[in-house]
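Treat the numbers as computed from the prediction; the structure is a model and nothing was measured.
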Amino acid sequence: MPSRIAELDAAGFMPAPGESEACFISRAESILARHREFDRELEASGRLTVFGSVEVSLDEKIDPAVIAGAGDVTWRLYRFRTEHVPGFFLSRSVGLLWGGVLIGDPDERFSFFLIRNSFRTKEKWLFYRRTELFAHELCHSMRMELRETTLEEFFAYQTSPSILRRYLGNCFIRDVDAILFVLPALLLLAATLVRDFFLPGLPVRIFWILALVYPAFLLIRNALSLRVVRRAAERLAAFGVEDVPPVLFRCTREELLQLGALADASAFDRYRRERADAELRWKIINERFIEKEMEQNGIS
């Protein structure tokens, strides 16, 4: 495999399903070129408007050394380090619980961080950590080419130092999940107030049931998803793969299910070779995390 393919993977680029080597390299190089062009324009003018409405300035640009701390986290977990994405402090007023976001446009092949100004002088604000926030969004940035949501938050939340967030993070994989989680609780509160002040006979029990049903659904869905990941991780470890998380991170849910169902090392060897013939992504997985380890351990 050309070394450039492995270098791009290590730099936070993932081939899209069915993407050829030539197309992958061309896409990644154009993204890097666009970011270099942006840096030159920002240095020259001091202020730019991105995507037609977001204004950023050189004074608000985050020191790349600050973002590099997130690279240490993503490298430790998944063996990639993204260095080309710039970040900016957002000085204008934002929501109380808003920490930051990665904004990107695949058509313009450009992305950047916006985080609240509170992080300019400190690593932690409320329950957010600056490094965790960057690392979380960089995981999304790399896996976005897979275009699936069922395990996206699981992998991103593994960057958190909180055991609870690492476990529960994948509960909220769609915007509607948070709405349906909160709405029944608000209805319960409203029903309780109505009962206490206006309708003493109002049956509140049904609102308790509504308030618990969706959280229970989220927890069950999360547990089933984690089971898929853990089963695949157990099988990879049993087959002699030492660097398991980077392999899992680069897989689709369907591939994780397939890995978890493999019977033995011979079946895994056939599977990974077949996938490498079909997908550039698996060609990279084989080269960086499986065959190289086998060579180092003297396994042919």
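Ring centers of Tyr214 and Phe217: under 6.0 Å apart, within the cut-off. A ring-centre distance under 6.0 Å is found for Tyr271 and Trp282. Taking the six-membered ring for Trp, Phe13 and Phe24 have ring centres at least 6.0 Å apart. The six-membered or imidazole ring of Phe89 lies away from that of Phe119, with a centre-to-centre distance of 6.0 Å or more.
In this pair, Tyr78 and Phe249 present their aromatic rings parallel. The plane angle is below 30°, not in the 30 to 60° band. Ring geometry for His136 versus His140: interplanar angle over 60°, hence perpendicular rather than tilted (30 to 60°). The aromatic rings of Phe51 and Phe110 stand perpendicular to each other, their planes meeting at an angle above 60°, with 30° marking the opposite boundary.
Residue Phe155 is grouped with residue Tyr167 when hydrophobic side chains (ILVMFWY) are merged at heavy-atom distances under 4.5 angstrom, including chains of intermediate members. Ile31 and Met144 fall into different hydrophobic clusters, where Ile, Leu, Val, Met, Phe, Trp and Tyr side chains are chained together by heavy-atom contacts under 4.5 Å. In this structure, Val247 is a member of the same hydrophobic cluster as Leu146, with clusters built from ILVMFWY side-chain heavy atoms closer than 4.5 Å. Under the 4.5 Å side-chain heavy-atom criterion for Ile, Leu, Val, Met, Phe, Trp and Tyr, Ile163 and Leu77 are members of distinct hydrophobic clusters. Under the 4.5 Å side-chain heavy-atom criterion for ILVMFWY residues, no single connected hydrophobic cluster contains both Leu219 and Tyr157.
Checking side-chain atoms of Ser26 against main-chain N and O of Ala22 turns up no donor-acceptor pair under 3.5 Å. Side-chain N or O atoms of Asp269 include none that pairs as donor or acceptor with a backbone N or O of Ala265 at under 3.5 Å. Within the 3.5 Å criterion, the main-chain N or O of Glu137 finds no donor-acceptor partner in the side chain of Ser141.
Across every non-hydrogen atom of Leu226 and Phe154, the tightest pair is CD2-CD1, 3.2 Å. The minimum heavy-atom distance linking Val56 with Leu42 is given by the pair O-CD1, 4.3 Å. Smallest separation of non-hydrogen atoms from Ala237 and Val244: N-CG2, 4.1 Å. Considering all non-hydrogen atoms of both residues, Val50 and Phe112 come closest at CG1-CE2, 3.6 Å. Residues Cys171 and Leu218 share a closest heavy-atom pair of O-CD2, 3.4 Å. Summarising the geometry of Gly12 relative to Thr82, their closest heavy-atom pair is CA-OG1, 3.5 Å, with the distance given to 0.1 Å.
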Please determine whether side-chain contact (heavy atoms from CB on, under 4.5 Å) holds for the pair Lys61 and Ser57, giving the CA-CA distance in whole Å, both sets of side-chain angles, and the decisive distance to 0.1 Å.
CA-CA 6 Å; Lys61 187 176 182 182; Ser57 70; over 6 Å; no
Pair Glu255, Arg250 - check salt bridge (charged side-chain N to carboxylate O under 4.0 Å, His left out), show working.
CA-CA 10 Å; Glu255 288 167 343; Arg250 289 162 175 79; over 6 Å; no
Check the pair Arg273, Asp277 against salt bridge (charged side-chain N to carboxylate O under 4.0 Å, His left out), reporting the backbone distance first and the verdict last.
CA-CA 6 Å; Arg273 294 180 188 277; Asp277 289 338; over 6 Å; no
Go through the steps for Arg165 and Glu132 under the test salt bridge (charged side-chain N to carboxylate O under 4.0 Å, His left out), then give the verdict.
CA-CA 11 Å; Arg165 288 206 292 276; Glu132 176 189 348; 2.9 Å; yes
side-chain contact (heavy atoms from CB on, under 4.5 Å) evaluation trace for Arg253 with Thr149
CA-CA 9 Å; Arg253 184 188 183 94; Thr149 60; over 6 Å; no
Can you list the steps and then say if Asp39 with Arg36 is a salt bridge (charged side-chain N to carboxylate O under 4.0 Å, His left out)?
CA-CA 5 Å; Asp39 288 339; Arg36 288 193 294 268; over 6 Å; no
Between Asp105 and Ser111, does the side-chain contact (heavy atoms from CB on, under 4.5 Å) criterion hold? Intermediate values first, please.
CA-CA 6 Å; Asp105 186 337; Ser111 58; over 6 Å; no
Apply side-chain contact (heavy atoms from CB on, under 4.5 Å) to residues Gln158 and Val229 and explain how you reach the verdict.
CA-CA 12 Å; Gln158 298 313 295; Val229 178; over 6 Å; no
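A 4.5 Å side-chain heavy-atom check between Arg47 and Leu58 finds every atom pair outside the cut-off. Annotation: side chain of Val241 is in contact with side chain of Phe268 (closest heavy-atom distance under 4.5 Å). No side-chain heavy atom of Ile25 sits less than 4.5 Å from a side-chain heavy atom of Glu19. Using a 4.5 Å heavy-atom threshold, the side chains of Phe113 and Pro86 count as separate. Residues Arg288 and Asp9 have side chains in contact (heavy-atom distance under 4.5 Å, counting atoms from C-beta outward). Between Asn117 and Leu90 there is no side-chain heavy-atom pair separated by less than 4.5 Å. A heavy-atom distance below 4.5 Å is found between the side chains of Arg272 and Glu291. In this structure, the side chains of Leu236 and Leu259 come closer than 4.5 Å at one or more pairs of heavy atoms.
Between the side chains of Thr159 and Arg166, no donor-acceptor pair is found at a separation under 3.5 Å. In this structure, a donor-acceptor pair under 3.5 Å is present between the side chains of Thr131 and Glu123.
To the nearest 0.5 Å, the span separating CG on Leu257 from CZ on Arg227 amounts to 10.5 Å. Put simply, CZ on Arg230 and CG on Leu256 are 13.5 Å apart, with the number rounded to the nearest 0.5 Å. For the atom pair CG of Leu102 and CZ of Phe134, the computed distance is 10.0 Å after rounding to the nearest 0.5 Å. Within the model, atoms CG of Leu151 and CD1 of Ile173 stand 8.0 Å from one another, a figure rounded to the nearest 0.5 Å. One finds the CG atom of Asp243 at 4.5 Å from the CZ atom of Arg79 (value rounded to the nearest 0.5 Å). If you take OG1 on Thr252 and CZ on Arg143, they are separated by 8.5 Å, rounding to the nearest 0.5 Å.
More than 12 heavy atoms of other residues, nucleotides or ligands lie within 6.0 Å of CZ in Arg120, so this atom counts as buried by the packing criterion.
Residues that satisfy the salt bridge (charged side-chain N to carboxylate O under 4.0 Å, His left out) test with Arg235, not counting sequence neighbours, are absent from this structure.
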Listing, residues 62-73 side-chain donor-acceptor contacts under 3.5 Å, not counting sequence neighbours, or none:
{"unit_1": "Asp63", "atom_1": "OD1", "unit_2": "Ala65", "atom_2": "N", "d": "2.9"}
{"unit_1": "Asp72", "atom_1": "OD1", "unit_2": "Arg81", "atom_2": "NH1", "d": "2.7"}

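In the hydrophobic clustering (ILVMFWY side chains linked at under 4.5 Å, chained through shared members), Leu224 is joined by Ile220.
Between Glu37 and Arg40, none of the side-chain N atoms (NZ, or NE/NH1/NH2) sits under 4.0 Å from a carboxylate O, so this pair counts as no salt bridge. Between Glu145 and Arg27, at least one side-chain nitrogen of the basic residue sits less than 4.0 Å from a carboxylate oxygen of the acidic one, meeting the salt-bridge criterion. Under a 4.0 Å N-O distance rule, the pair Glu21/Lys283 qualifies as a salt bridge.
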